[in-house]
Amino acid sequence: MIEMNRRQLMAILAAAGLPAGLRSAEAAEGLSFGPARPFSFDALVEDARQRAAAPYAPDPIRAGETLSRIDYDQHWRIKYREDRTLQLKGGNAPVRFFHLGSYFQEPVGIHVVEDGQSRDVLYDPTVFTIPSDSPAQELPDDIGFAGFRVLEPGREADWIAFLGASYFRTSGEEDQFGMSARAVAVDVAMPTPEEFPRFTDFYLAPSQNGRILVHASLESQRITGALRMDIAKDGPVVMDIEARFFAREAMERVGLAPLVSMFWYSETDRRRREDWRPEVHDSDGLAMWTGGGERIWRPLNNPEQVMTSSFADENPMGFGLLQRDRDFQNYEDDGVFYERRAGVWVEPKGDWGKGAVQLVEIPTDDEIHDNIAAYWVSDTPVERGDAIAIDYRLTWSSQEPYLPAVGHVVATRLGRGGVTGQPRPEGITKVVIDFDGGMIADLDRDIDDVETMVSVSSGTVSLVDNYSVKVGTAWRASFDFEPEGDGPVDMRLYLRRGDTVLTETWLYQFHPAEPERGS
């Protein structure tokens, strides 16, 4: 799959054309449709099952040389015509389509569903305004669409887009695109190349509960699928997803409900700063709510090598990549507004059984690359012919869903160990964690019987302490750490008072031997 950087993708999303006004008709004048055919989600699932039983036969890329010349600059110059906006019945989900280009060379089928019938939306180059010197002028008249976007009725903005492989993203309630989700992830961070299943067809229908109902077919060398996504937007964007997958071949790692984000650096480890801005990230941590009821926060890292962390669980309550830091002054970026980026929470429906939430952290030296992934992996191996059924809800919001009743982590900081004003020991790191909210915020600030429960997988811990922060309602825990070797160290900490757990569990992967970037 040809990759493009995330800044270019978001620029394309933003520049694909703005609506001045929307027609009330179900389909804009000038769109052409194919004949009606029966449609149902059950039939889409059965089609995926049958495709999985047949050999993989990808369609060849048409006009590949011409498409390769439609680079980032050429692509954003191609505008969808506002008078060709597709209006689904009900009037609250105006749809526009993306043009193919260098980064999106495989067309997708777009279909409109009404009363149990689907009709193809036929590609016509006249639905786009294409510059006279654009390579797109040389493309066949039936080349097809790359994806689609849904706009706010009567507004000059879109709020959700499906473009590239099986990726989709939304701007949340603060109108700022950031992280993405995918339909499924195959062999992420494995010795073998990752496989990128792609949506081949979208079936768009009015939603009884939200804005739009999207059905999608999925295809790749080793897996097929059918998804039903009922999407609402009332502040946060909520997507109720039914996913059905079928294995053409055995797969070692199948990531379900996968999320994709970007983390360059934060306040945690200031050695990472290579830019004038204080922090640069779409998400600053992985939150988990285990089947046993434990609340966990794992701050993200930008490691020197690819790291995969597995958090075993059974029937998890949820997990998500979240942006907890919402203060503009901690980013100082008035162009991309990281403090507005929506976090995404995965809420399972039904029992998911035994498995693990996996977190993949990939080194990056810039903000233009998505380098963070999180997903669920079942303990049950996926063999040829297997069927996978999974239902869940995605909530995209700047406000964390199901914020724990206990204190939650609001900052993690690393620095030189020892005691201020005294000679600092070599090779010692001080780790400081701030908790706020919930039980910890309600404590009498003068109590002295809060315990710090800390453990590390290797090395030595000393100077363990906790105390009330004198400004606000936060409670701070700290300890000094001396590593035994140069390998990663797993750390764990929470606060309690007697038998009462006061905070979520803070987990961290400490990398003692990492040099500064560029050294």
Side-chain angles (χ1 to χ4, degrees), residues 188-189 253 255 261 263 265-269 271-272 283-314 316 319-322 324 354-363 371-377 379 404 406-415 417 427-435 451-466 477-496 501 503-515:
V188 176
R253 180 179 292 172
S261 192
F263 179 87
Y265 60 88
S266 70
E267 83 282 354
T268 296
D269 192 344
R271 294 180 304 165
R272 290 292 182 232
S283 309
D284 50 14
L286 169 67
M288 291 171 279
W289 187 0
T290 72
E294 185 179 16
R295 304 302 297 264
I296 295 172
W297 177 255
R298 164 62 155 78
L300 297 178
N301 274 322
N302 178 10
E304 288 292 323
Q305 59 184 351
V306 177
M307 301 298 299
T308 301
S309 302
S310 294
F311 307 95
D313 201 0
E314 182 174 1
F319 66 92
L321 290 173
L322 305 178
R324 280 187 172 172
K354 293 183 178 181
V357 175
Q358 285 194 340
L359 172 68
V360 177
E361 297 163 304
I362 302 170
N371 64 317
I372 302 294
Y375 46 81
W376 174 259
V377 175
D379 278 356
V406 294
H408 56 277
V409 177
V410 294
T412 300
R413 299 180 177 89
L414 306 181
I428 306 295
T429 298
K430 186 173 292 294
V431 182
V432 179
I433 306 102
D434 286 354
F435 298 93
E451 296 179 271
T452 303
M453 312 303 296
V454 59
S455 62
V456 295
S457 59
S458 64
T460 303
V461 169
S462 61
L463 295 182
V464 179
D465 194 12
N466 75 78
S478 64
F479 63 92
D480 277 14
F481 175 70
E482 181 177 12
E484 290 180 354
D486 58 4
V489 179
D490 292 319
M491 298 178 167
R492 180 182 181 92
L493 182 148
Y494 66 94
L495 300 181
R496 75 179 186 187
V501 174
T503 67
E504 63 185 355
T505 300
W506 170 87
L507 301 181
Y508 189 66
Q509 190 172 79
F510 180 82
H511 297 264
E514 290 185 359

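Because only heavy atoms are used, hydrogens play no part in the values below, and waters and symmetry mates are left out as well, while side chains stay in.
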Audit row: Val188, Tyr375, side-chain contact (heavy atoms from CB on, under 4.5 Å) steps and yes/no:
CA-CA 10 Å; Val188 176; Tyr375 46 81; 3.9 Å; yes
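- With salt bridges taken as basic N to acidic carboxylate O contacts below 4.0 Å, none links Glu267 and Arg413.
- Side-chain atoms of Thr290 never come within 3.5 Å of backbone atoms of Asp313 as a donor-acceptor pair (strictly under, hydrogens ignored).
- In this structure, the separation between CD1 on Ile428 and OG on Ser462 is 6.0 Å, given to the nearest 0.5 Å.
- Looking at every heavy atom in both residues, Gln509 comes nearest to Ser309 through NE2-OG, 3.6 Å.
- A 4.5 Å side-chain heavy-atom check between Tyr508 and Ile433 finds every atom pair outside the cut-off.
- Checking side-chain atoms of Thr268 against main-chain N and O of Thr412 turns up a donor-acceptor pair under 3.5 Å.
- Listed by chain and number, the residues in a salt bridge (charged side-chain N to carboxylate O under 4.0 Å, His left out) with Asp480 are Lys430 (sequence neighbours excluded).
- Taking Phe263 as the reference, His281 meet the ring-ring contact (aromatic ring centres under 6.0 Å, His included) condition, with sequence neighbours excluded.
- Applying the salt bridge (Lys or Arg N to Asp or Glu O under 4.0 Å) test to every pair with at least one member in residues 293-302, sequence neighbours left out, gives these pairs: Glu294-Arg492, Arg298-Glu361.
- The ring-ring contact (aromatic ring centres under 6.0 Å, His included) test applied to Phe479 returns no partner, not counting sequence neighbours.
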Decide yes or no on side-chain contact (heavy atoms from CB on, under 4.5 Å) for Asn301 and Met307, but give the supporting numbers first.
CA-CA 9 Å; Asn301 274 322; Met307 301 298 299; over 6 Å; no
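- Between Asn466 and Thr452, the side chains place a donor N or O and an acceptor N or O closer than 3.5 Å (distance only, hydrogens not considered).
- For Arg324, the side chain to side chain donor-acceptor pair (under 3.5 Å) partners two or more places apart in sequence, or in a different chain, are Glu400, Glu504.
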Before you tell me yes or no, could you show the steps for Phe319 and Leu359 under side-chain contact (heavy atoms from CB on, under 4.5 Å), namely the whole-Å CA-CA distance, both residues' side-chain angles and the distance that decides it to 0.1 Å?
CA-CA 11 Å; Phe319 66 92; Leu359 172 68; over 6 Å; no
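- Ile362 meets the side-chain contact (heavy atoms from CB on, under 4.5 Å) test with Val306, Val360, Asn371; sequence neighbours excluded.
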For Trp506 and Val454: C-alpha separation, side-chain torsions, deciding distance, then whether side-chain contact (heavy atoms from CB on, under 4.5 Å) applies.
CA-CA 9 Å; Trp506 170 87; Val454 59; 5.7 Å; no
